[in-house]
Amino acid sequence: MQFTEQLWQDIQPIYKSILEHGFVKKLTAGSLPSPTFQYYIQQDALYLVDFGRALSQLAARSTQPDDMLQFAQFAQNAILVERALHETYFALYAIEPQTVKMPACFAYTNYLLATTSLQSIAVGAAAVLPCFWIYREVGRFIYQRAIQANPYRAWIDTYAGDAFDQSVTQMLELTDRFAEQAGSAEREMMREAFRMSSRLEWYFWNDAYTLNGWLV
Ligand SMILES: Cc1ncc(CO)c(N)n1
């Protein structure tokens, strides 16, 4: 079994909770209230900048130029997607960027930055993998069920599309290669990082769904 197959098995209960979450259900049905989606988009714009920063960190720390190029391209893409959010959804809803990260976004971005900075590249790669992989799977899940006139069609098409699929495949190959070179203790840390980021993906949607803010 490929290492990444094991990672996916590990998170089955988390992934199931994501597919069953009200945010994903209502996004699929097209009935997600627009303030909920706006909250999500505003937090995601903040998330994507730090996600790009985490990927840049992995690029800088790569020992192989090919890996460096790959991570740098992923980082560039995160910022391009962030820009696209502004051009589409921020304009559509006439909303301003948010400046405050809410709890899930704060936890997730800080986790990604700390892990890609302080742990090995292999563990850092495992921490960023759910951002790719879960979005592709959730994107496809929604795509297969959503009607054409879904108001969130552009979002669905991005994550169910070929371009995103290609980067996920590349990220999976990288992770499996890192795992082959890692010892068993490091592989355990990779599993732990993958699981933690997967859990934080759930929290990210849950914060939007509940319009969660700082309670104190
Ligand atoms: C929270 C989150 N995770 C993953 C992605 C996809 O890169 C995204 N845009 N936002």
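Whatever order the structure lists them in is the order used to number ligands and atoms, beginning at 1.
- Sorted by first and then second residue, the pairs that involve residues 42-67 and meet ring pair (Phe, Tyr, Trp, His ring centres under 6.0 Å), not counting sequence neighbours, are Tyr47-Phe51, Tyr47-Tyr108, Tyr47-Phe204, Phe51-Phe132.
- When all heavy atoms of Trp155 and Leu27 are compared, the pair lying nearest together is CZ3-CD2, 3.6 Å.
- Applying the side-chain contact (heavy atoms from CB on, under 4.5 Å) rule to Asn110 yields the partners Phe106; only residues at least two apart in sequence or on another chain are considered.
- Aromatic ring pairs are classed by plane angle as parallel below 30°, tilted from 30° to 60° and perpendicular above 60°; the pair His21 and Trp202 is perpendicular.
- Protein residues having at least one heavy atom under 4.0 Å from any atom of ligand 1 are Asp44, Tyr47, Leu48, Phe51, Cys131, Tyr135, Tyr159, Glu201, Phe204, listed by chain and number.
- Under the rule for a side-chain contact (heavy atoms from CB on, under 4.5 Å), the partners of Leu69 that lie at least two apart in sequence or sit in another chain are Gln73.
- Aromatic ring orientation, Phe71 versus Phe74: perpendicular (interplanar angle above 60°, classes split at 30° and 60°).
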